[in-house]
Every structure is written in structure tokens, then in C-alpha cells.
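Counting from 1, the numbers follow the sequence of the chain as shown.
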Amino acid sequence: MGLNEELVSGMLIGAVFKDYKGKISSMDFHRKEDLLVTASHDDSIRLYDTANAALQKTVYDKKHGVDLICFTHHPSSVIFSSRNNSDESLQYLSLYDNRILRYFKGHQNRVVSLCMSPTNDSFMSGSMDHTVRLWDLRVNACQGLLRLRGKPTVAYDQQGLVFAVAMEGGAIKLFDSRSYDKGPFDTFLVGGDTAEVSDIKFSNDGKQMLLSTTNNHIYVLDAYGGEKRCGFVLEACSDNLEACFSPDGQFVLSGDGSLRAWNINSGNEVACWTNHAGIPTVVKWAPRRVMFASASSVLALWIPGPPKIPSNDATPKE
């Protein structure tokens, strides 16, 4: 089903999960299966079947806490960052038997960005210790290290060939995944905005980048040259929502206490939803369905509403 403004604006909550005891800090859809995983400040990791809107499994890590989470390529394995222990700051977990498969040690401070390669067993983490580390699920040791200014945010493109690092001063650096040790092949600034980048994502076709900044701005950039395609300004909010692309790259979701959607091509806001329980701070589009998820301390799954019936203004015959 293709997306259009009428379909997006008509989306509504199809399922709600209210049994969390803390804020949901991160979530991720699996690329090939109808699965969603969440990490919460109640130290839980929860796995959902999104085709049937059903909770499949809940596991806890009370020792380390959980913060950021990503699926690996296997539907029952995840990587996540710890909230309480910086020495064992990254873990590789089998949800099948709730077993830690590997610890990844090296960061000296909290991990603030985590991204799995879409094509292989590599993943990246950015930390408040001003480093980006590159890892391989099969090896304990760090495979690469970048030292940067400020709080780094990282993202792979959907082909896994390029990764982006956003850093202090609004600078975006692009690296070749196969030869990152040679340094960035391109660097650009976010339209003169020097605010700290809090989140960065590539569109599925790799042609656009989505940036959220700490001064409540969202930018859509051309991923090849860094030119700004459009931008949106949010109301000041104590805990701004992340932003995400729709799978077709036509729409952006974010918000500032409510959920909002914009059409990238026109720059117009096409929807504003105010019926979320609590202030949502995490949002993700599902890659396989016309669905998105939003979360505060409550998880909501959004699906298309009933189709609008065309009005018939013709005068009935006598």
C-alpha cells in the first residue's frame, strides 16, 4: 500500500500497551520480520509480534539497565546499551533463551547512539566519551575508533556502504564503511545551524538524511551534497521526540508533546495527533507495514483508519 497525505492523516491507534513501569527509551522494528523490540527504564526488553499486536516476550537486566536497542539480523537477537554500567556498556543478547552472547567493552561513558549495519554483522556506537567505536558481533574487541568533538550521533545508509557521524558545531562527516580509517570523504554543515545534532537517519533510498537538533529543529538534507531540502521547527519541549522517515521517504514524523507528520515535497504539515497517553519521545515507522509505533511510558501502534466514503452530492431522481 502506497502512502499519501489522506492515508497518513487518517492513521489512528490500533493497539496500546500500558504495562511499563518506566519511560520507553528506544525501540526498533526488524527489517524482515513483523517484530518490534523496546527498551525501557524499568530495565525491561520486550518483543512484540506487530502482525497480531501481541507481546511475545519480556526479559529484564536489573544489573546493567537498558537504554538503546537494535535488532541484529537474527529476529531473536539484539544489541543494547547499558544504563547503569559504562564498563559493560554494550551487550549482545539472545532473546530466545535470555542469554548474553557477548559484552563489548571500551566506552568510558554513556552510549548515546547505536546503529546496526543493514548488510553485515558490523555495528557502531557513539558515546559521551567523544568516541565512535566500530564493532563486529563475532568479536569482543573494538574494530575501529574515531575520536571526535562533542556528543557523536551515528547512522548507516541502507546499503551499509556509507556511515554518517554528526558532531559538535552541526558538522556532518560521511565515511566509506570499507575505508573509514582514511577519514571522511565529505563534510558539511547543517545550513548554518551550529546546534548539537541529537539524531541522524538516512532514508531507505539513501538519497536523504534526517537530522534533529537540540534547538528543536528538524532538517531534511540531500545525502550527497548536504543541501537542505526542507526544515521544520518544533515548539520548545523538555524532552523532544526523535524524528523518522516514512519507508518511502515522502513523510517525516516527529513532535513536541503531540505527534506530527509533514510532507517533505510540499513542506506542509499533514497530521497532528494529540491523543497519545503521556508525551511520546520515541517514534519509528515499520519497514514492512503501513504502521508506526510511538512511545512514552506507554507503547502505541498506529494503523490506517477506515477509508473515507466519498460524498455524493448528486440530487436523487424523483
Sequence neighbours excluded, which residues qualify as side-chain hydrogen bond (donor to acceptor under 3.5 Å, both in side chains) partners of Asn52?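 For Asn52 the side-chain hydrogen bond (donor to acceptor under 3.5 Å, both in side chains) partners, ignoring immediate neighbours, are Asp49.
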Listed partners of Asp61 passing side-chain hydrogen bond (donor to acceptor under 3.5 Å, both in side chains), at least two apart: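 Asp61 satisfies side-chain hydrogen bond (donor to acceptor under 3.5 Å, both in side chains) with His64, Gln91 only.
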With a 4.0 Å cut-off on N to O distance, would you call [X] and [Y] a salt bridge?
{"X": "Lys182", "Y": "Asp176", "value": "no"}
{"X": "Lys21", "Y": "Asp43", "value": "no"}
{"X": "Asp186", "Y": "Lys173", "value": "no"}

Assess whether salt bridge (Lys or Arg N to Asp or Glu O under 4.0 Å) is satisfied between Lys228 and Asp222, documenting all intermediate values. CA-CA 6 Å; Lys228 186 169 73 172; Asp222 180 276; over 6 Å; no
Where do Asn263 and Glu5 land on the side-chain hydrogen bond (donor to acceptor under 3.5 Å, both in side chains) test, with the steps shown first? CA-CA 8 Å; Asn263 185 316; Glu5 291 191 0; 2.9 Å; yes
Under the ring-ring contact (aromatic ring centres under 6.0 Å, His included) criterion, do Tyr92 and Tyr103 qualify, and how do the steps go? CA-CA 6 Å; Tyr92 177 21; Tyr103 291 101; over 10 Å; no
If we check ring-ring contact (aromatic ring centres under 6.0 Å, His included) with Phe175, which of these qualifies: Phe163, Phe185, Tyr180?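 The passing option is Phe163.
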Between Phe123 and Arg133, is there a cation-pi geometry (under 6.0 Å to ring centre, at most 45° from the normal)? no
Under 3.5 Å: donor-acceptor pair, side chain of His74, backbone of Ser76: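 Yes: the side chain of His74 pairs with the backbone of Ser76.
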Tell me if a side-chain donor or acceptor on His73 pairs with a main-chain N or O of Asn120 at a distance below 3.5 Å.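 Checking the backbone N and O of Asn120 against the side chain of His73, a donor-acceptor pair under 3.5 Å is found.
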Using the six-membered ring wherever Trp is involved, compare the ring planes of Phe292 and Trp302 and label them parallel, tilted or perpendicular (cut-offs 30° and 60°). parallel
Residue pair Glu242, Lys201: steps toward the salt bridge (Lys or Arg N to Asp or Glu O under 4.0 Å) verdict: CA-CA 10 Å; Glu242 70 172 314; Lys201 292 183 175 74; 2.8 Å; yes
Evaluate the criterion salt bridge (Lys or Arg N to Asp or Glu O under 4.0 Å) for residue pair Lys284 and Asp28; output intermediate values, then yes/no. CA-CA 7 Å; Lys284 288 282 192 307; Asp28 191 31; 5.9 Å; no
Which pair of non-hydrogen atoms, one from Trp285 and one from Met291, has the smallest distance, and what is that distance?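 For Trp285 versus Met291, the nearest heavy atoms are CE3-O, 3.4 Å.
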Which pair of non-hydrogen atoms, one from Ser40 and one from Gly22, has the smallest distance, and what is that distance?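 Shortest heavy-atom contact: OG-O, 3.3 Å.
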I'd like to know if Val78 and Met27 are part of one continuous hydrophobic network [Ile/Leu/Val/Met/Phe/Trp/Tyr, side-chain heavy atoms within less than 4.5 Å].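 Each belongs to a different hydrophobic cluster.
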Any side-chain heavy-atom pair of Asn204 and Phe245 under 4.5 Å: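 SC-SC contact between Asn204 and Phe245 ruled out.
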